[in-house]
Amino acid sequence: MKSLQSALFISLIVVSLTPTYNGVEIIGGRKVKPHSKPYMASIQVRKGTKSYGHWCGGALIRRGWILTAAHCKLDKPIQVVLGAHSLSRNEKSQQKLEVEKQHPHPQFNIKTTENDIMLLQLSKDAKINKDVKLLPLPQDKHADVKPGTCCTVAGWGVRTAKSKSPSDTLREVMLYVIDRKTCNSKDYYNRKPVVTEDMICASDSKGREDAAKGDSGGPLICSGKYKGIVSYGPSNPTAKKPGIYTLISKKYLDWIQKIIGVQTYNMTTEGLF
């Protein structure tokens with residue numbers, strides 16, 4: 001039964017049915033300064049005997065742990081690339097680490113998009129340096145993100161809605177948080193899916209750039225703090241609908257603590273910049 005569900009899940013992503021989880025797309029955006037986001041992770045799936053291709057984004061939160069989206073889970077060998085700016089170049093800054101175990105949230109629901117969060121346990125610890133650093137989780141585990149807050153999300157996704165290939169270099173988009181009531185209205189998602197208190201709704205001010213098509217699992221940074229995870233976007237790439245993000249709320253911080261075994265919201269700043 002589990003294998004059947006996994007196959008169905010992967011096919012949903014590939015053929016872009018609704019709801020659409022986009023693992024390799026980011027619409028619009030700007031190039032970022034190389035290695036200016038040293039916490040970014042490229043989650044890659046094996047394509048052949050030795051080659052890997054970009055699948056999802058994520059963030060290094062501990063030396064041996066990546067935080068990403070639950071819908072990025074695959075029943076295939078995956079690796080994480082840290083310290084990258086270009087995915088095609090063999091940069092000396094890059095660290096390629098195998099994923100030992102995937103820990104999707106046990107209550108992740110592909111239909112409702114709820115609990116779209118996952119931890120990846122690496123086969124060995126990453127080496128912290130100027131190009132590879134940790135991204136601290138929220139310190140205030142009860143804090144929401146207010147509507148109108150400016151946020152950014154980065155990824156190696158495609159540059160346009162028509163493109164099928166991921167960007168070679170890291171890009172980012174600037175977004176603004178939209179209140180949940182508006183996001184649930186008929187003008188947007190009409191409660192399909194329902195944007196819950198554990199989600200963030202965000203879009204750019206003119207609807208031209210869309211992080212809903214950003215690298216799934218990538219970090220949403222609001223007012224300089226890690227607040228969300230890229231989760232869900234409209235099935236139509238040209239639709240002016242905001243993206244939906246998993247809010248890193250108290251229940252998720254507690255879950256992370258349970259898996260990793262440390263107090264996530266009182267974490268050491270070792271390796272931070």
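Values reported hereafter were calculated over all heavy atoms of this structure, with side chains retained and with hydrogens, waters and symmetry mates removed. Counting from 1, the numbers follow the sequence of the chain as shown. Note that the coordinates shown come from a computational prediction; the quantities given were computed from them, not determined experimentally.
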Chemist: Not counting sequence neighbours, which residues clear side chain to side chain donor-acceptor pair (under 3.5 Å) with Asp198? List them please.
Modeler: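 Side chain to side chain donor-acceptor pair (under 3.5 Å) list for Asp198, sorted by chain: Ser249, Lys251.
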Chemist: Measure across Cys183 and Val195 and return the closest heavy-atom pair with its distance rounded to 0.1 Å.
Modeler: SG-CG2, 3.8 Å
Chemist: Using salt bridge (Lys or Arg N to Asp or Glu O under 4.0 Å), reason through Lys258 and Asp254 one step at a time and then give a plain yes or no.
Modeler: CA-CA 6 Å; Lys258 181 179 179 181; Asp254 290 343; over 6 Å; no
Chemist: Please list all pairs passing the side-chain hydrogen bond (donor to acceptor under 3.5 Å, both in side chains) test where one or both residues lie in residues 81-96, with sequence neighbours left out.
Modeler: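 The answer is Ser86-Ser88, Ser86-Asp168, Ser88-Asp168, Glu91-Gln94.
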Chemist: Can you name the residues that form a side chain to side chain donor-acceptor pair (under 3.5 Å) with Glu100, not counting sequence neighbours?
Modeler: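 Partners of Glu100 under the side chain to side chain donor-acceptor pair (under 3.5 Å) test: none.
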Chemist: So that I know where these two stand, are Trp255 and His103 an aromatic pair - ring centroids less than 6.0 Å apart?
Modeler: no
Chemist: Taking Leu60 as the fixed residue, which of Leu120, Leu67, Val132, Leu97 is the one that meets the side chain to side chain contact (heavy atoms under 4.5 Å, CB included) rule?
Modeler: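 The residue from Leu120, Leu67, Val132, Leu97 that satisfies side chain to side chain contact (heavy atoms under 4.5 Å, CB included) with Leu60 turns out to be Val132.
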Chemist: Can you tell me if the gamma sulfurs of Cys222 and Cys150 fall under 2.5 Å?
Modeler: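 Answer is no: Cys150 does not pair with Cys222 in a disulfide.
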Chemist: Quick test of your reading: applying salt bridge (Lys or Arg N to Asp or Glu O under 4.0 Å), list the pairs with at least one residue in residues 179-191, sequence neighbours left out, ordered by first then second residue.
Modeler: Asp144-Arg180, Arg180-Glu197
Chemist: What distance do Ser42 atom OG and Leu170 atom CG have between them, rounded to the nearest 0.5 Å?
Modeler: 9.5 Å
Chemist: Using side chain to side chain donor-acceptor pair (under 3.5 Å) as the criterion, list what pairs up with His35, not counting sequence neighbours.
Modeler: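 With sequence neighbours excluded, His35 shows a side chain to side chain donor-acceptor pair (under 3.5 Å) to no residue whatsoever.
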Chemist: Atom SG in Cys72, atom CE in Met118: separation rounded to 0.5 Å?
Modeler: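 One gets 5.5 Å once the value is rounded to the nearest 0.5 Å.
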Chemist: May I ask you to check whether His105 and Tyr252 place their ring centres under 6.0 Å from each other?
Modeler: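 Yes - the distance between ring centres of Tyr252 and His105 falls below the 6.0 Å cut-off.
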Chemist: What distance do Thr68 atom OG1 and Ile43 atom CD1 have between them, rounded to the nearest 0.5 Å?
Modeler: 3.5 Å
Chemist: With Ser51, which residues qualify under side chain to side chain donor-acceptor pair (under 3.5 Å), at least two apart?
Modeler: none
Chemist: Between the side chains of Asp116 and Tyr245, is a donor N or O closer than 3.5 angstrom to an acceptor N or O?
Modeler: no
Chemist: If you look at every heavy atom in Tyr226 and Ala59, which pair is closest and at what distance?
Modeler: OH-CB, 3.8 Å
Chemist: CG/Asn115 to CD/Gln107 distance, rounded to the nearest 0.5 angstrom?
Modeler: 5.5 Å
